[in-house]
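Right, one structure below, let's go through it.
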Amino acid sequence: MYNILIGGAAGQGVDTTCSILEKLLKQSGYHVFSVKDLMSRVRGGHNFTLIRFGSEAMASHSYILDGIVAFNQETVELHRHELKPDGFILCDSQLSVEGKDVIKIDMNAIAKKLGNPKVAGSILIGAILKIFGETLDHSRTVFAGAVKPEYLAINLQAVEIGYDSTAKQHAHNGGAYGAWMLLTGNQALALGAMAAGLKFYSAYPMSPSTSIMEYLAGKMTEAGIVVEQAEDEIAAINMAIGASFAGARAMTGTSGGGFCLMVEALGLSGMAEIPMVVADIQRPGPVTGLPTRTEQSDLNFAISAAHGEFPRMVIALKNHADAFYQTIRAFHMAEKYQIPVIILSDQYLADSSATVEPFDVRNSQVYRANDVLTDGEYLRYRLNGEAVSPRLLPGTSKGFVSADSDEHDERGRIIESAEMRVQMMDKRLSKLKKLEAELKEPEFIGDDSYDTLLIGWGSTYGPIKEAITILNHQTIHHFSALVFGDVYPLPVKRLNEKVVQAKQIINVEQNATGQIAKLIREQTGIMCTSSILKYDGRQISGEQIAAQVLKGGE
Amino acid sequence: MYNILIGGAAGQGVDTTCSILEKLLKQSGYHVFSVKDLMSRVRGGHNFTLIRFGSEAMASHSYILDGIVAFNQETVELHRHELKPDGFILCDSQLSVEGKDVIKIDMNAIAKKLGNPKVAGSILIGAILKIFGETLDHSRTVFAGAVKPEYLAINLQAVEIGYDSTAKQHAHNGGAYGAWMLLTGNQALALGAMAAGLKFYSAYPMSPSTSIMEYLAGKMTEAGIVVEQAEDEIAAINMAIGASFAGARAMTGTSGGGFCLMVEALGLSGMAEIPMVVADIQRPGPVTGLPTRTEQSDLNFAISAAHGEFPRMVIALKNHADAFYQTIRAFHMAEKYQIPVIILSDQYLADSSATVEPFDVRNSQVYRANDVLTDGEYLRYRLNGEAVSPRLLPGTSKGFVSADSDEHDERGRIIESAEMRVQMMDKRLSKLKKLEAELKEPEFIGDDSYDTLLIGWGSTYGPIKEAITILNHQTIHHFSALVFGDVYPLPVKRLNEKVVQAKQIINVEQNATGQIAKLIREQTGIMCTSSILKYDGRQISGEQIAAQVLKGGE
Amino acid sequence: MSSEEFCTYETAWCPGCGNFNILKCLKQSLEELGKDPHEVLLVAGIGQAAKTPQYLSANSFCGLHGRALPAAIAAKIANQKLTVVVNSGEGDSYGEGGNHFIHNIRRNVDITHFVHDNQIYGLTKGQASPTSNEGTVTDVQTEGSINTPFNPLLIAIAAGAGFVARAFSGNPEHLVSIMKQAILYKGYSLVDILQPCISFNKVNTFSYYKNRVYKLDDAYNSYDKITAMEKAMEFGDHIPLGVIYQEEKRSFHEKNKVLASGVPLVDQQQEGSLIEKYMQEFI
Amino acid sequence: MSSEEFCTYETAWCPGCGNFNILKCLKQSLEELGKDPHEVLLVAGIGQAAKTPQYLSANSFCGLHGRALPAAIAAKIANQKLTVVVNSGEGDSYGEGGNHFIHNIRRNVDITHFVHDNQIYGLTKGQASPTSNEGTVTDVQTEGSINTPFNPLLIAIAAGAGFVARAFSGNPEHLVSIMKQAILYKGYSLVDILQPCISFNKVNTFSYYKNRVYKLDDAYNSYDKITAMEKAMEFGDHIPLGVIYQEEKRSFHEKNKVLASGVPLVDQQQEGSLIEKYMQEFI
Ligand SMILES: Cc1ncc(C[n+]2csc(CCOP(=O)(O)OP(=O)(O)O)c2C)c(N)n1
Ligand SMILES: Cc1ncc(C[n+]2csc(CCOP(=O)(O)OP(=O)(O)O)c2C)c(N)n1
Ligand code: SF4
Ligand code: SF4
Ligand SMILES: [Mg+2]
Ligand SMILES: [Mg+2]
């Protein structure tokens, strides 16, 4: 497995270089995982991407580097200490970086000579391919998909120059992933929404959720999806609810700050029993926080957001495949129970690219409301002893469909009666019981010989999985983990079983207060014995978890 | 102790009648407690007020009636079953109500004859005074304070007619409360805010919070408070933060739906460390719910509202005196720790009138930020190892004051550094630890011989207190209760002590999901053994709690 | 001409409230236009005016205070066969909902917006609303409102609305004629309806309006924007009623590539193989 | 004339961005007006333009996206000795913050609002903003924006603003003169500043503006509302720069009974016995 870091200022082309390189590596068979570290600015500053690739599947990133590819001086200075002893540094000849590990290419000068300073990145790509023993077999196809036709030739030329200007250092390890996909968490989520039959997406731009809207907008005409940029997040969610009421499967997406503005309408979805899916792509708060970085700190908020009490479901995405399948499931649950479903993702998952097996779309059945055809009176909120009343879409038959944010009777008209109030509250809240029967238990990682149990949720799944492997190799103790996807209602069966033999329970979270630990205690009384919490906006890696567990003193 | 119900359609004058009657009873020495049951409409429907009065202090209302005063037929039909065997019904001669308990007065006809149909209520007041053995001694002063001078004579005439048209049934019991105040929870809260030095109040109208704004608006010119009606709740809270930043003690008030719109800015107060007080006067949700009724269902929301993690304090008001003193304390804590403080009240407390000893305003000291006078650089977020950095107001010295919703350095400038991020998060969150040392433990009601412990929070204080008295009289078991005022951070010392001897722990809450019970379990692991939950929008009474406890099967 | 009758239900309004006439005129307009109640969707926020959908037999959506428009336009986007009519107060529409007001004018989705403008917050018992006259005294504006009143017609024209009108609940015949024109207009149409609130607005009473309103005559050119803006500024001793401004504009549905075919979004079928195709792009 | 200099700091903007000139002109304007940096409060929301307060030595408040105005006017209400200037993007000011825009115009608090109008969402990397030209293609508006652009000047005038101007970051001398007039204006003043975003707006570039802008001449009567509204509608091949509309209006502070004395609210002392007196009223 290899791991390289490519860094530079915003606007220098790090992004394009990386996305092409990743695809080339994946085409040649590797399993690729890459993650971005961005500053909140358009030009300048310091950004980098970590690209990890190997012949076996990997679940996350690592900070231990085989190579540094530097567009600027800062990249070297900031990251040299992360380089393995036999690692290399690849950079422009102009940088004042010395050492026998340094490979210099006069890339900026060559690019200029070729006629376009922007192809410097392609020279680097060529050099990297050479260093890792790759061929240039896939260059033409991959570049053809990434640059405008008129720029293809010059880029291929640049790749070749880079390739020829350096020497092979590593062997090509191969792998069987050439026919798998390479995509980001947000792309997987957007695909999942489409597979679920999305018809209407309304959102207000906010990092790191905007790329969902952008992906959908790129397909809207062909796929028949109305993608509407709202004037604010309040409009975005109320639009989604209005569209869903009228029968179009609808979703909105945002990050924590925008989600704040949506919570009143979350209650509307709950009260009026209108299905709706909201994706909250978390970033470090509070408020604007660190807008381009990652955190998992909206959990407690998401499960209790909005005044009053109503049923909801909260699903945290663990990885890229989850982003697809769980988004479909979010729509399914929203439609089946006529509730709001919140998807919690985060910048780490949203922006990282992973190699994923093509999705099985035969499993994308979403519940479809029975069309109640009636000539008589239709009762939108029929109290038939069931949690969910048959749904009718307005305009499709001779029944009137009502939605009301006030407490209402079976027809949807405002009431003041204490009895009706209680019946309606009980009806709505009984959905939570129904949901419990459909919950997905947390994924168990490791084998049954553990004495320490790590607990996580959402996107720390990958790092925790790696940490378990590392730990079970490095120590005589045995480690396993439970990682939650469904977080509300919280599935507790497997948890209750697995904690029995654990001498230590450690929650690993990308937040400062240990939010899942609190929720677990509230729901089960189980207390974690210690916590690994990271809240500096950078995702924890498997090796960092392992180190902290070991330091935490077994 | 007496308890009467006065009911009629909205617009018939029930409100005015009741407020005058209450004051008369209080002037004559009684301790008075009255609570309103309103429909969400301006005219028509059915509203009623329960007025309880006696020679000893009482903490809440009761549904067991000594008398019904009916402005309309519906009042009798809906409430006759709540009347004690020896109770009376007082109504207009035109109503078709029969029985030997019925006292009819031709009030509407008399009022018309007197020249103003609106004085019918005053005729009733006269009759009620007579029935309860009162004199007319206070009529002149009380009416003079309640009606326009030109209507005084006719009203006093009406009172006399009412007085003379019926017979005494009950003895005047007397009491020593004539010099105490009679005021609503919202009035007490507003007075508390003024005592704390409020300078700026911004809000958007929303029941049951609007009367805070109305009370303050009535005093604004004299008291030097800017009371500003905002275009929406988002503006309201951002205004309060802006005013506070510039040095004016500021507050906003709303109910759950409006609070939803405020949560993003709650985080701003936390992040930028700008003191702020928000009053959430709860009503039944979700969304519009039952807008004129009561509920305690915003607790879980208030403690976790807004994305990301930041310190806050949440204080629930237990009764009218609390509304005054805890509001002062809310300002004190907000200023001292530079945090948002949320006051949780509810429609029951906000709109009910109680007899309260005049407040001791010598205890209204609010922390005042040291004015840092500096000629050098002022560091708004100085990392001096303390949770709270010295505060400077902009424009008062040669230091620059910055506030930023992005993560920032000591000067308040945007940063991306992982280290600074962690230091600032730790600084802010360390305020929670500081707060813990200042928490008020829940009030313990009863004596130490209990085997059953009731647990409540906020406005169920009164009913729970009455229930404890009833229960300890009615059964051989012993009951005590803990009622929380401070709910976040949750004080757990007394709780941990008191649960030890309890065989049963019963949480009594005006919501459907048992919110304080969840919080207690999360914080302490303690589980309530059963719950008494009411969520029909009507406040539970002491006798209802007692009955449910007993039914709950000891 | 009426195909099917709309039923009305008992209301919670004060006897004498201007809302009664608006409800009656709404019913009459829909009937005279031959609308099928089952294809009508009445949308509202929260307030006294916003209870209107509760009182007429049609599909109804009473959402959040201030948020009627986003829900309404999205329902229309989802199913353009629905006749979507919003009835809400001026506090709801221009106060809490002000941002949706200006931006939905820009979208120009084919819905109709009837604002019951009583120049007061009715349901919350009488605070100044955006359109309250300067100086209006209430329990909150104890010294009288000091804000410049919001001029909905002028702002709507400035924001680019294609149909902007004023009517008066006390002039039902004229109100019906304006309502019908507004519903027929292809695009966003606004009718600001003067509506006395007998309980809380003691300034802008029935006779206040009655004495001031006049109907625009035939000579008035509602197609000229400058004329219209000048006319929209008239609100004092004389208050013009009628279509203040109109203009043909392409609607959202005509401009949006997904909707332009005319097939309602809810009825559009997605090609089954699309996801497979999109997955290929990641390989 | 300058009493004290304002320092500027290193920015995170793209080299070539129009914001640099705006920052420079802001500094110059404040200095030429003789403002003391310690009595200046710069307020912003979130966005590229909204970083402006970070780059100038003065008090600063960078709050929430879209919410600069409520915080700014409240700070001014609290302490009228502060010179309060808002710098924010047009997405912030007219999009997310649209409701505060129209309603704070009605309040007329004496603050100055400089909108850096690049007709695009800069910080979030290039989506259509309220003022984007119809047809603007972005990663979200893949078929081109279909909304009628928001006309900030026209809407401000319609909402009752007393000082409404347009400037261009590429014309610093003129910008400074407008900025100074705006800051001096007693009441809410709006300057919409055309500001090329070189990274994301490929339509409304520096030369796009350069080729279209012209300065209003002396013959222009900025005191006539109808003239001003007509002029405000001009935005195409010719784009007028200058004070489009002005009018003397009583400000919030002059009308509000608590503030009219001129003593800053923060300095007003409450009479100690007031609470006692109010308690008496409940006895
Ligand atoms: C978020 C939110 N804020 C405030 C309210 C309270 N509220 C309900 S209706 C209303 C205003 C009503 O005024 P208007 O829209 O003019 O309608 P009217 O009652 O006058 O017809 C308000 C402030 C609410 N329901 N939700
Ligand atoms: C509530 C919320 N929604 C969305 C965002 C994301 N956001 C930050 S700046 C911005 C728009 C910036 O556009 P503009 O105001 O025009 O400023 P510019 O960057 O162009 O100067 C958005 C949508 C946010 N920070 N907060
Ligand atoms: S309060 Fe006013 S608007 Fe509401 S129903 Fe009564 S009269 Fe009509
Ligand atoms: S993205 Fe545009 S607005 Fe932002 S700094 Fe760069 S050029 Fe300026
Ligand atoms: Mg109104
Ligand atoms: Mg912009």
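Every chain is numbered from 1 and lettered A, B, ... according to where its sequence line falls, protein lines coming before strand lines.
Looking at A:E309 and B:Q515, their side chains come closer than 4.5 Å, going by heavy atoms from C-beta outward. In this structure, the side chains of B:P284 and A:M425 stay at 4.5 Å or more apart for every pair of heavy atoms. Counting heavy atoms from C-beta on, the side chains of A:L261 and B:I234 come closer than 4.5 Å. Looking only at side-chain heavy atoms (C-beta outward), A:R293 and B:E416 come within less than 4.5 Å of each other.
The shortest non-hydrogen separation linking A:H307 to B:D298 is CB-OD1, 3.2 Å. Taking each heavy atom of B:S304 and A:N300 in turn, the nearest pair found is OG-O, 3.5 Å. Nearest heavy atom pair, residue B:C260 against residue A:A306, reads SG-CA, 3.7 Å. Smallest separation of non-hydrogen atoms from B:P291 and A:D406: CD-OD1, 3.6 Å.
With a 4.5 angstrom heavy-atom cutoff, A:S40 touches chain B via backbone and side-chain atoms both. Neither the backbone nor the side chain of A:L299 has a heavy atom closer than 4.5 Å to any heavy atom of chain B. Residue contact with chain A, scored on non-hydrogen atoms closer than 4.5 Å, is absent for B:D280. For A:R421, the part sitting under 4.5 Å from any heavy atom of chain B is the side chain, from C-beta outward, and nothing else. For A:Y535, the parts lying under 4.5 angstrom from a heavy atom of chain B are both the backbone and the side chain. In this structure, chain B has no heavy atom under 4.5 Å from any part of A:D404. Heavy atoms closer than 4.5 Å to chain B are found in both the backbone and the side chain of A:L268. Only the backbone of A:L38 comes within contact range of chain B, with at least one heavy atom under 4.5 Å from a heavy atom of that chain.
Of all the listed residues (B:S297, B:P286, B:G308), the one sharing the greatest number of non-hydrogen pairs under 4.5 Å with chain A is B:P286. The candidate from B:G537, B:A305, B:G285, B:A517 with the greatest count of non-hydrogen atom pairs under 4.5 Å with chain A is B:G285. Contact tally against chain B (heavy-atom pairs below 4.5 Å) for A:M262, A:H408, A:E264: the top residue is A:E264. The candidate from B:H46, B:E419, B:M420, B:Q523 with the greatest count of non-hydrogen atom pairs under 4.5 Å with chain A is B:Q523. Counting heavy-atom pairs closer than 4.5 Å to chain A, the top residue among B:A272, B:G267, B:S405 is B:S405. Of all the listed residues (B:I415, B:D426, B:I414), the one sharing the greatest number of non-hydrogen pairs under 4.5 Å with chain A is B:D426. With respect to chain B, the highest number of heavy-atom pairs below 4.5 Å among A:T288, A:L266, A:V263 belongs to A:T288. Most heavy-atom pairs under 4.5 Å with chain A: of the set B:I303, B:I520, B:L429, B:N511, this distinction falls to B:N511.
With rounding to the nearest 0.5 angstrom, the OG1 atom of A:T524 is 6.0 Å from the CZ atom of B:R521.
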